[in-house]
Amino acid sequence: MDRGGRYWLMKSEPEVFSFEALWKAKNRTTLWDGVRNYKARSLLRDEMRPGDGVLFYHSNADPPGVAGIAEVASAAVADPTQFDPASEHFDAESSRDDPRWFAVEVRATERLARPVSLAAMRAEEGLKEMVALQRGNRLSVSPVTESEWFVLRAMAGLSEPGPVGSRRP
DNA sequence: GCCAACGTTGGC
DNA sequence: GCCAACGTTGGC
């Protein structure tokens with residue numbers, strides 16, 4: 001079975017962690033921890049691979065929308081925050097032998113000539129079926145098809161190809 | 001601040 | 001296993 005993927009949309013509230021913060025981070029990389037939703041967990045753990053493209057989306061923002069381009073920079077690891085009693089993401093039910101929650105590293109790769117607002121995304125025919133735009137969707141990580149990826153890049157004023165270092169089929 | 005939509009929890 | 005109550009997400 002085609003595992004799909006290769007491209008993802010990941011949501012972050014800019015007041016918590018913005019694309020600009022990722023751009024300024026060491027190696028433009030951060031561990032995307034704190035995901036506590038089982039569907040998103042399964043995507044992180046089972047589907048995401050280093051080099052996959054990431055649309056970095058700002059939720060609870062003004063306006064909400066895609067703020068930058070990133071890539072998956074590591075395979076999934078056990079999310080360390082689940083073992084840290086001081087963390088708001090601590091999970092007493094999880095064990096190191098059988099971790100419940102996972103995280104991947106994410107690296108910023110391209111700034112956008114123009115951010116792409118949610119309103120613009122909703123107005124774009126080529127994004128009508130995008131998982132992140134479906135009614136009621138609250139997943140912090142969701143799949144993006146290759147055609148959606150390139151539609152979005154064009155809207156953002158980026159030329160092909162994808163992220164530096166991305167492995168094209 | 002409001003509230004629709006969804007996920008999780010827990011009583012039964 | 002059902003489902004009501006509750007908490008969270010996230011656009012507006």
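Small disclaimer: the values here were computed from a predicted structure and weren't measured. In what follows, every chain begins at residue 1, and chains take the letters A, B, ... in the order their sequences are listed.
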Could you give the [atom1]-to-[atom2] distance, from [X] to [N], as a whole number of Å?
{"X": "A:E93", "N": "B:dG10", "atom1": "CD", "atom2": "P", "answer": "10 Å"}
{"X": "A:N60", "N": "B:dC3", "atom1": "CG", "atom2": "P", "answer": "17 Å"}
{"X": "A:Q134", "N": "B:dG7", "atom1": "CD", "atom2": "P", "answer": "14 Å"}
{"X": "A:R41", "N": "B:dG7", "atom1": "CZ", "atom2": "P", "answer": "15 Å"}
{"X": "A:M10", "N": "C:dG10", "atom1": "CE", "atom2": "P", "answer": "13 Å"}
{"X": "A:E13", "N": "C:dT8", "atom1": "CD", "atom2": "P", "answer": "13 Å"}
{"X": "A:W101", "N": "B:dG7", "atom1": "CH2", "atom2": "P", "answer": "13 Å"}
{"X": "A:Y57", "N": "C:dT9", "atom1": "OH", "atom2": "P", "answer": "15 Å"}

Polar side-chain atom of A:E13 near backbone of A:E15 as donor-acceptor pair, under 3.5 Å: no
If only atom types and distance count, is the side chain of A:S74 paired as donor or acceptor with the main-chain N or O of A:V104 below 3.5 Å? no
Smallest separation among heavy atoms of A:A73 and A:R107, with atom names: CB-NH2, 3.7 Å
Test of ring centre spacing under 6.0 Å for A:W23 and A:F56: no
Contact between A:V106 and A:E71 at the side-chain level, heavy atoms closer than 4.5 Å - yes or no? no
Hey, does the side chain of A:Y38 come within less than 4.0 Å of B:dT9's phosphate (OP1/OP2), counting only N and O? no
So, OP1 or OP2 of C:dG10: does either fall under 4.0 Å of a side-chain N or O from A:K11? yes
Among A:P64, A:S12, A:P14, find the one that has a side-chain contact (heavy atoms from CB on, under 4.5 Å) with A:Y57. A:P64
Would you tabulate the nitrogen or oxygen pairs shorter than 3.5 Å linking the protein to nucleotides 4-6 of chain B?
from: B:dA5; atom 1: OP1; to: A:R135; atom 2: NH1; distance (Å): 3.1
from: B:dA5; atom 1: OP1; to: A:R135; atom 2: NH2; distance (Å): 2.0
from: B:dA5; atom 1: N3; to: A:R138; atom 2: NH1; distance (Å): 3.1
from: B:dC6; atom 1: OP1; to: A:R135; atom 2: O; distance (Å): 3.3
from: B:dC6; atom 1: O2; to: A:R138; atom 2: NH1; distance (Å): 2.2
from: B:dC6; atom 1: O2; to: A:R138; atom 2: NH2; distance (Å): 3.0

